[in-house]
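What follows is a single structure, written as structure tokens, with notes after it.
Hydrogens, waters and symmetry mates are skipped; everything else that's a heavy atom, side chains included, is used.
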Amino acid sequence: MIRTLIFGAIAGYVGKKLYDEGKLTEFKNDLVTRYNDAKTSLADERTTADTSPLVTSAGAINRPLPN
């Protein structure tokens, strides 16, 4: 329990210093940019996959093949 309190105090101190220096804002902005880029590329992949006739649905993968 003492280790947890010490670690929490250190993490709080370091977090406050990072917040005061504005580095957490840069980190958040970077994460938001990466998330939006990934979301856009995923949407693009889905639209190309919807037009592809070779793509099967997830339900079709789990069904057994007919004999």
Side-chain angles (χ1 to χ4, degrees):
M1 184 172 157
I2 299 280
R3 283 187 286 172
T4 304
L5 291 174
I6 292 171
F7 179 76
I10 292 170
Y13 177 77
V14 171
K16 181 165 180 2
K17 286 198 70 88
L18 289 173
Y19 178 77
D20 289 343
E21 293 173 4
K23 294 192 178 182
L24 293 180
T25 304
E26 294 172 16
F27 179 72
K28 178 192 157 258
N29 292 340
D30 183 49
L31 281 179
V32 168
T33 303
R34 289 175 187 234
Y35 172 75
N36 288 334
D37 290 345
K39 190 167 75 169
T40 303
S41 67
L42 184 62
D44 291 343
E45 288 178 15
R46 284 184 179 161
T47 56
T48 57
D50 288 345
T51 59
S52 174
L54 299 176
V55 176
T56 59
S57 67
I61 294 171
N62 294 327
R63 286 187 223 136
L65 295 173
N67 290 334

Atom of Asp44, atom of Thr47 and distance for their closest heavy-atom approach |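 Nearest heavy atoms, Asp44 then Thr47: O-OG1, 2.7 Å.
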Common cluster, Phe7/Leu18, ILVMFWY with side-chain heavy-atom separation under 4.5 Å |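 Result: no, two separate clusters.
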In terms of hydrophobic clusters joined by side-chain contacts under 4.5 Å, are Phe27 and Val14 together?
->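 Cluster IDs for Phe27 and Val14 differ.
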Pairs meeting criterion salt bridge (Lys or Arg N to Asp or Glu O under 4.0 Å) with involvement of residues 2-18, two or more places apart =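 Checked against salt bridge (Lys or Arg N to Asp or Glu O under 4.0 Å) - neighbours excluded - the pairs reaching residues 2-18 are Lys16-Asp20.
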Does any pair with a residue in residues 27-40 pass salt bridge (Lys or Arg N to Asp or Glu O under 4.0 Å), and if so which ones, sequence neighbours excluded?
->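 For residues 27-40: Asp30-Arg34.
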ILVMFWY cluster membership beyond Leu42 - transitive side-chain contacts under 4.5 angstrom |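 Once heavy-atom contacts under 4.5 Å are chained together, Leu42 still belongs with nothing else.
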In this structure, which one of Leu31, Thr25, Val32 forms a side-chain contact (heavy atoms from CB on, under 4.5 Å) with Asn29?
->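 That would be Thr25; it is the only one of Leu31, Thr25, Val32 passing the side-chain contact (heavy atoms from CB on, under 4.5 Å) with Asn29.
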